[in-house]
Amino acid sequence: MITGSTRLLGVMGHPVEHSLSPIMHNAAIAHLGADFVYIPLPVAPDNLPKAIAGLEALGVRGFNLTIPHKQAIMPMLAEVSDLAQAIGAVNTVWWTPQGWSGTNTDVAGFLAPLEALGRDWRSTTAVVLGNGGAARAVVAGCGQLGCQTTYVVGRSADKLAQFQQSWQGSPLAGNLQVRPWEQLADCLAEADLIVNTTPIGMTPHPDASPLDAALAAQIRPRAIAYDLIYTPSPTQFLQQAEAQGAIAIDGLEMLICQGAAGLEIWLEQPVPVAVMRQALHRHLGRT
Ligand code: NAP
């Protein structure tokens, strides 16, 4: 119930109408009986500074950021966590007496379904497809797991070189190596963990995959194939991996767990992840 003392949370994006975050956050808030409400905050890029000042004036507790604000917000914050600085993006912000503080919970979200497997990752070779924003959280996650090697495979030599350069001297990335797409078959033949961070295969292109049939044939049985995409489920990439005998993980758990990590910061208490999961599964028509 919204009362006179209800505090605001939200997700700021442009566009933001597609966001699933209000559904999962409000389900958890209702379950806890917490006096908060989580709303969409549509903000065009030019309006970001005004919106941030407005949220401060309104006493907003905190908010998430999605495209295109994850980088642009950073100079407006009083404090940015080391992790968010290394990734170069903030997705979770909360108010403190010093001003807005920001971090990135995508790494925690990415890691949650992997940590649930209870493995020792130290001899793992990870292959990351794509070198965009989400790949940065995945690389930090693989570093945190202690993977032996993380190959980042991309189609642009310039962007790959920039990617490698941007992690120079950072212990967060572990043993990071970049490879051109032409060397993907060799990387896959070694891979224990393959993560798709490209948008290839996302609705409305469910028949597309980052891997053609010859590349998919390189996936090792018992490898873990992880697609950050969550619609459709499973993606073509995950279907190819399962046909090879690999374990498939889609991106919904990452979405849920990055959200839960943010809600825990705002509410300063443990949050019911199962309730958030159930709300999204019901919304997406998953059983
Ligand atoms: P991004 O910054 O635009 O990066 C996309 C990457 O994919 C780029 O490296 C791009 O290569 C590469 N790519 C695109 N088309 C390609 C193609 N045809 N062949 C080879 N590479 C291609 O996007 P992002 O923010 O990282 O998001 C990527 C995906 O992750 C999206 O599907 C997003 O929905 C998903 N995601 C999911 C979660 C979650 O919680 N589950 C969180 C974040 C993101 P170039 O750099 O060469 O253009």
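Order of listing sets the numbers, starting from 1, for every ligand and every atom in it.
Protein heavy atoms are found less than 4.0 angstrom from atom 17 (C) of ligand 1. For atom 32 (O) of ligand 1, a protein non-hydrogen atom is found at a distance below 4.0 Å.
Where the criterion is an N or O separation shorter than 3.5 Å, residue side chain and backbone included, Gly251 meets it with respect to ligand 1. Annotation: Gln258 places no N or O atom under 3.5 Å from an N or O atom of ligand 1; distance criterion only. Every N/O-N/O distance between Trp181 and ligand 1 stays at or above 3.5 Å.
Listed by number with element, the atoms of ligand 1 under 4.0 angstrom from any heavy atom of Tyr230 are 41 (N). Less than 4.0 angstrom separates some heavy atom of Ile229 from each of these atoms of ligand 1: 32 (O). Below 4.0 Å from some heavy atom of Pro199 lie the following atoms of ligand 1, by number and element: 5 (C), 7 (O), 14 (C), 32 (O). For ligand 1, the atoms closer than 4.0 angstrom to any heavy atom of Leu255 are 40 (O). Residue-ligand proximity, Met202 to ligand 1, at heavy-atom distances under 4.0 Å covers atoms 32 (O), 34 (O).
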Verify side-chain contact (heavy atoms from CB on, under 4.5 Å) between Leu211 and Leu188, making sure each step is shown before the conclusion. CA-CA 10 Å; Leu211 305 184; Leu188 291 174; 4.0 Å; yes

Working for salt bridge (charged side-chain N to carboxylate O under 4.0 Å, His left out), residues Arg61 and Asp35: CA-CA 11 Å; Arg61 170 69 186 127; Asp35 200 5; over 6 Å; no

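Taking NZ from Lys50 and CG from Leu48, the interatomic distance works out to 11.0 Å, rounded to the nearest 0.5 Å. To the nearest 0.5 Å, the span separating CZ on Arg282 from CD1 on Ile23 amounts to 11.5 Å.
Nearest residue to atom 47 (O) of ligand 1 from Glu253, Arg155, Gln162 is Arg155 (criterion: closest heavy atom). Nearest residue to atom 44 (C) of ligand 1 from Ala134, Gly154, Cys257 is Ala134 (criterion: closest heavy atom).
In this structure the side chain of Leu117 reaches within 4.5 angstrom of the side chain of Ile224, judged on heavy atoms.
For atom 29 (C) of ligand 1, the nearest protein heavy atom (residue, atom name, distance) is Thr197 O, 3.4 Å. Looking from atom 42 (C) of ligand 1 to the surrounding protein, the closest heavy atom is Met254 CE, 3.7 Å. Nearest non-hydrogen protein atom to atom 12 (C) of ligand 1 is Thr198 CG2, 3.9 Å. Of all protein heavy atoms, the one closest to atom 36 (N) of ligand 1 is Leu228 CB, 4.0 Å. The nearest heavy-atom contact from the protein to atom 8 (C) of ligand 1 is Gly132 N, 3.8 Å. When only non-hydrogen protein atoms are considered, atom 23 (O) of ligand 1 lies nearest to Gly133 N, 4.6 Å. The protein non-hydrogen atom at the shortest distance from atom 9 (O) of ligand 1 is Asn131 N, 2.8 Å.
The pair Glu190-Arg220 fails the salt-bridge criterion, with no side-chain N (NZ, NE, NH1 or NH2) lying under 4.0 Å from an Asp/Glu carboxylate O.
Sparse packing is recorded around NE2 of His205, with 12 or fewer heavy atoms of other residues, nucleotides or ligands lying under 6.0 Å away.
Counting heavy atoms closer than 4.0 Å to ligand 1, residue Ile200 contributes side-chain atoms (C-beta onward) but none from N, CA, C or O.
A cation-pi arrangement is present between Arg136 and Phe163 under the rule of less than 6.0 angstrom and at most 45 degrees off the ring axis.
Between Trp95 and Trp100, the distance separating the two ring centers is shorter than 6.0 angstrom.
Between Tyr38 and Trp266, the ring planes lie tilted relative to each other; the angle falls in the 30° to 60° range.
Closest approach of Ala134 to Leu228, counting heavy atoms only: CB-CD1, 3.6 Å.
Counted by atom type alone, Asn91 and Asn64 present zero donor-acceptor pairs between their side chains at under 3.5 Å.
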